[in-house]
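One structure below.
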Amino acid sequence: MPSNRAPRQERETPDGDAAVIQEHPAEPAEGSRAEADSAGARYGDKIATVVIIAVCITVIVQSLQGGIGTLAVPESGFWPLVIAVAVIATTPLIFFTANDSEAFPLRKMARALSIAVAMVFFVVLYEYLGFLIAGALMMLYLLRVVCREPWRATLLVGLIATVVTYVLFGVLLEVNLDPFPG
Amino acid sequence: MDILEGLASGFLIAFSPTNLLYVTLGVLIGTVIGLIPGLGPVAAIALLLPLTFELDPATAIMMLAGIYYGSMYGGRIPAILLRLPGDASAVVTTFDGYPLAQQGKAGPALGITAIGSFLGGTVAIIGLSFLAPTLAGVAGGVGAPDLFALALIGLLMIAFIGSGSKFKALAVAGLGILVATVGLDPISGQERLTFGSTGLLAGVDIVAVAVGMFGIGEILYNAEHGFYKGTKGLKLTNKLPSRADWVLSRFAILRGSVIGFFVGILPGGGGTISSVLAYGVERRVSKRPEKFGKGAIEGLAATETADNASSNSAFIPLLTLGIPPNPVLALIFGALLLQNITPGPNLVNEHPDVFWGVIASMYIGNILLLILNLPLIGVFVQMLRVRGSLMAPIILIVSICGVYSVRNSLFDVLTAIVFGVVGYLLRKVGFDLGPFILGFILGPILEVQFRRSMLMSDGSFSVFLERPLTLMVGVVIVGAIFASLVSYYRRRMARFKKQIHYDNEDIYI
């Protein structure tokens, strides 16, 4: 049966280089970075399992504090407790059998995660600057810094997309979006 | 109301100018989103979910259904032309689609898939029209234990039928259920797992989770691996399949329609399994199996037909039992809940406008897609020129506004960002995100029905053994687990035997 993974694909890296990648690629890297990347691939499943166990233990503690009741009259903590225990029961099987984690190329991951940081900044700036300015700033940062688009495309797409999005949501769908500060 | 009467009333609703406009918009937007390499139907629905909140329930679901099958139509274009599948089921499309495109037959390949998708979709909708009301009638007498068992089987089958790690699928589905428990206890109203945050009191919003995991997470993943760079010079010459193509494909389309229809009904079935199964059957019955993988148009036709047929028949368990058989339908289920409509056996009686309106709109949407996809295919292909690095920021700002629009809450936007990062990291460590959203949607149903069953039986599990449907579902679950274990054991033994064989060679050589 064919795998459901994507075949090799050619895409452009944010740096503009053509790269042949796979859905679960082995990232090209050198020296210590390569070692760090492959360590990420080796231990990714294990780290994920430990994090899942930690989350479930937190849920179990909280559920017990909230009260679990009895089988005849279950209380609010009962269901989360059952599910958390069931999830923990699957984790040894993941810990010892799974090995399909990707490599963790820190530089490229930092670029991806900087998008999330930019979005958080948008949320903070929105309170002070309003949607149009905060949105335009986020778009300009994403287009120019993360996506490495030329200035012309950055300005054109960044500003037009911000205004069009505001018109769609703020005007046509009447969402309570503050366009300007105050 | 009998079936024909119901259908007639559904067409009256679907043909109203507003509904017609939204169905057209849905299939058009769905096709365009499906065209963006890397974004599949789940992402398309997740990103556009907020746009439907202001709409009437029937209109909203018609539009979402349109986006669903529109994105499936759109997804075949980059899969065939560029070998860039938007989702797992489109991977099978690339097997013969891409070789055909390389042989200069992109036009006929796109044409035959449009026709196959239309025919497969139509067969499935006819089946849906007649089977769904009957099934809803049969399911009318189900109680809390039955609903619990049905929701459980829906969730477990995703894990057992899926092609990835079953344990990871189960764990991630469990995490989805846990996230759904945050907020107020649905029965006692007691606060739980909020960690003192007032923002979490109302629970985690489904739009924030869906947009975060499937929209923002996808962009983060693509940012790491490189955005699609856009393709210039794509030009289609002959756009329609020849008579020979049709002769080669007609029975493949027929078989694909039937396979897709039945696989779509199964929990955990849908796109990927139907595509793989239809492709395998076609290869087996073909008089020229050696052409498969090198540009067999009948293989491509069967795959796409089955894919579309299954996407339409997947509405049967959703509309009749209230069980979403795949992540896309789980999101549509969520959209119905947000409109204060609970899909299930009573939907046909309580909301006939939604039930019949959606079914009738699917006939219209399917015809619209054929009309759009044959003459306008050249226009859609030109959209592949747009670079992913230009699309990504636009998708992000629309995602933010979409999430914010649901409850005018910046907290929800932050939640979506957090789930975006979580989704990105989970995908990197090999967790499929589909079971998460299914767990999130089915979790509250499972909990409420389980607790009701326990209250009914005074805490005795015998309540699950006394009812025929529950017992049957239990047997299916145990059977699936047993089959899965046997398959795992056989694979392990085969690997072990191979290893011994090689070890012996090492010894004796």
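Note on naming: letters A, B, ... go to the chains in the order of the sequence lines (proteins, then strands), and numbering restarts at 1 for each one. Bear in mind the structure is a predicted one, so any value in this text is a computation, not a measurement.
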Under a 4.5 Å cut-off applied to non-hydrogen side-chain atoms, are B:D185 and A:E75 in contact? no
Rounded to the nearest 0.5 Å, how far does CE of B:M454 lie from CZ of A:F78? 7.5 Å
Answer with side chain, backbone, both or neither: which region of A:V157 has an atom nearer than 4.5 Å to a non-hydrogen atom of chain B? side chain
Within-4.5 Å side-chain heavy-atom neighbours: A:L93 and B:L170: no
Could you tell me if the side chain of A:Y166 sits less than 4.5 Å from the side chain of B:I397, heavy atoms only? no
Need one label for B:V421: side chain, backbone, both or neither, based on atoms under 4.5 Å from any heavy atom in chain A. side chain
At a heavy-atom separation under 4.5 Å, does B:I417 approach chain A through its side chain, its backbone, both, or neither? side chain
Do B:F195 and A:T58 have side chains that approach each other closer than 4.5 Å (heavy atoms only, starting at C-beta)? yes
What pair of heavy atoms forms the shortest contact from B:R192 to A:P80, and how long is it? NH1-CD, 3.8 Å
Please round to the nearest 0.5 Å and tell me the distance separating atom NZ of B:K168 and atom OG1 of A:T91. 12.5 Å
Where on B:N408 is there a heavy atom nearer than 4.5 Å to chain A: the side chain, the backbone, both, or neither? side chain
Is B:L396 close to A:I115 at the side-chain level, that is, under 4.5 Å between some pair of heavy atoms? yes
Can you confirm whether A:M139 sits close enough to B:I394 that some side-chain heavy atom of one is under 4.5 Å from a side-chain heavy atom of the other? yes
Of all heavy-atom pairs linking A:A72 and B:D458, the shortest is CB-OD1, 3.5 Å
A:A116 and B:L220 have their tightest heavy-atom pair at N-CD2, 4.1 Å
Top contributor to chain B interface from A:A84, A:G77, A:P74, A:A110 [non-hydrogen pairs under 4.5 Å]: A:P74
Between B:S405 and chain A, with a heavy-atom cut-off of 4.5 Å, which part of the residue counts as in contact: side chain, backbone, both or neither? both
Please name the pair of heavy atoms, one in B:S389 and one in A:C147, separated by the smallest distance, quoted to 0.1 Å. O-SG, 3.4 Å
Honestly, the part of A:F122 sitting under 4.5 Å from a heavy atom of chain B is side chain
Top contributor to chain A contacts, counting heavy-atom pairs under 4.5 Å, from B:T181, B:L184, B:V413, B:L193: B:L193
Interface check, chain B: of A:V87, A:V123, A:T90, most non-hydrogen pairs under 4.5 Å belong to A:V123
For B:I216, is it the side chain, the backbone, both or neither that has a heavy atom under 4.5 Å from a heavy atom of chain A? side chain
Using only atom types and a distance under 3.5 Å, with no angle test, would you say the side chain of B:Q190 pairs donor to acceptor with the backbone of A:G66? yes
B:L51/A:F169 under side chain to side chain contact (heavy atoms under 4.5 Å, CB included): CA gap, chis, key distance, verdict: CA-CA 9 Å; B:L51 295 178; A:F169 284 91; 3.8 Å; yes
Calculate, to the nearest 0.5 Å, the distance between atoms CZ and CD1 belonging to B:F431 and A:I94 respectively. 4.5 Å
To the closest 0.5 Å, what do you measure between CG (A:L142) and CG (B:L390)? 12.0 Å
Side-chain contact test, heavy atoms from C-beta onward, threshold under 4.5 Å: evaluate it for A:M109 versus B:L425 and give yes or no. yes
Can you say whether the rings of B:F450 and A:W79 are parallel (under 30°), tilted (30 to 60°) or perpendicular (over 60°)? tilted
Side-chain heavy-atom pair B:L178, A:C56 within 4.5 angstrom cut-off: yes
Pair A:E102 + B:K428: basic N to acidic O under 4.0 Å: yes
Show, in sequence, the C-alpha distance, side-chain angles and deciding distance for B:R387 and A:E149, and conclude whether the side chain to side chain contact (heavy atoms under 4.5 Å, CB included) test is met. CA-CA 10 Å; B:R387 296 188 291 278; A:E149 284 293 329; 2.6 Å; yes
How long is the gap from CG on A:L71 to CZ on B:F461, to the nearest 0.5 Å? 5.0 Å
From CA spacing to verdict: side chain to side chain contact (heavy atoms under 4.5 Å, CB included), B:C401, A:V175: CA-CA 9 Å; B:C401 289; A:V175 175; over 6 Å; no
Does any backbone or side-chain atom of A:M138 lie under 4.5 Å from a heavy atom of chain B? Answer side chain, backbone, both or neither. side chain
Side chain / backbone / both / neither for A:Y141 at chain B, heavy atoms under 4.5 Å: neither
Backbone N/O of A:N176 and side chain of B:Y404: donor-acceptor pair under 3.5 Å: yes
Just wondering, are more than 12 heavy atoms of other shown residues or ligands nearer than 6.0 Å to CD in A:E174? no
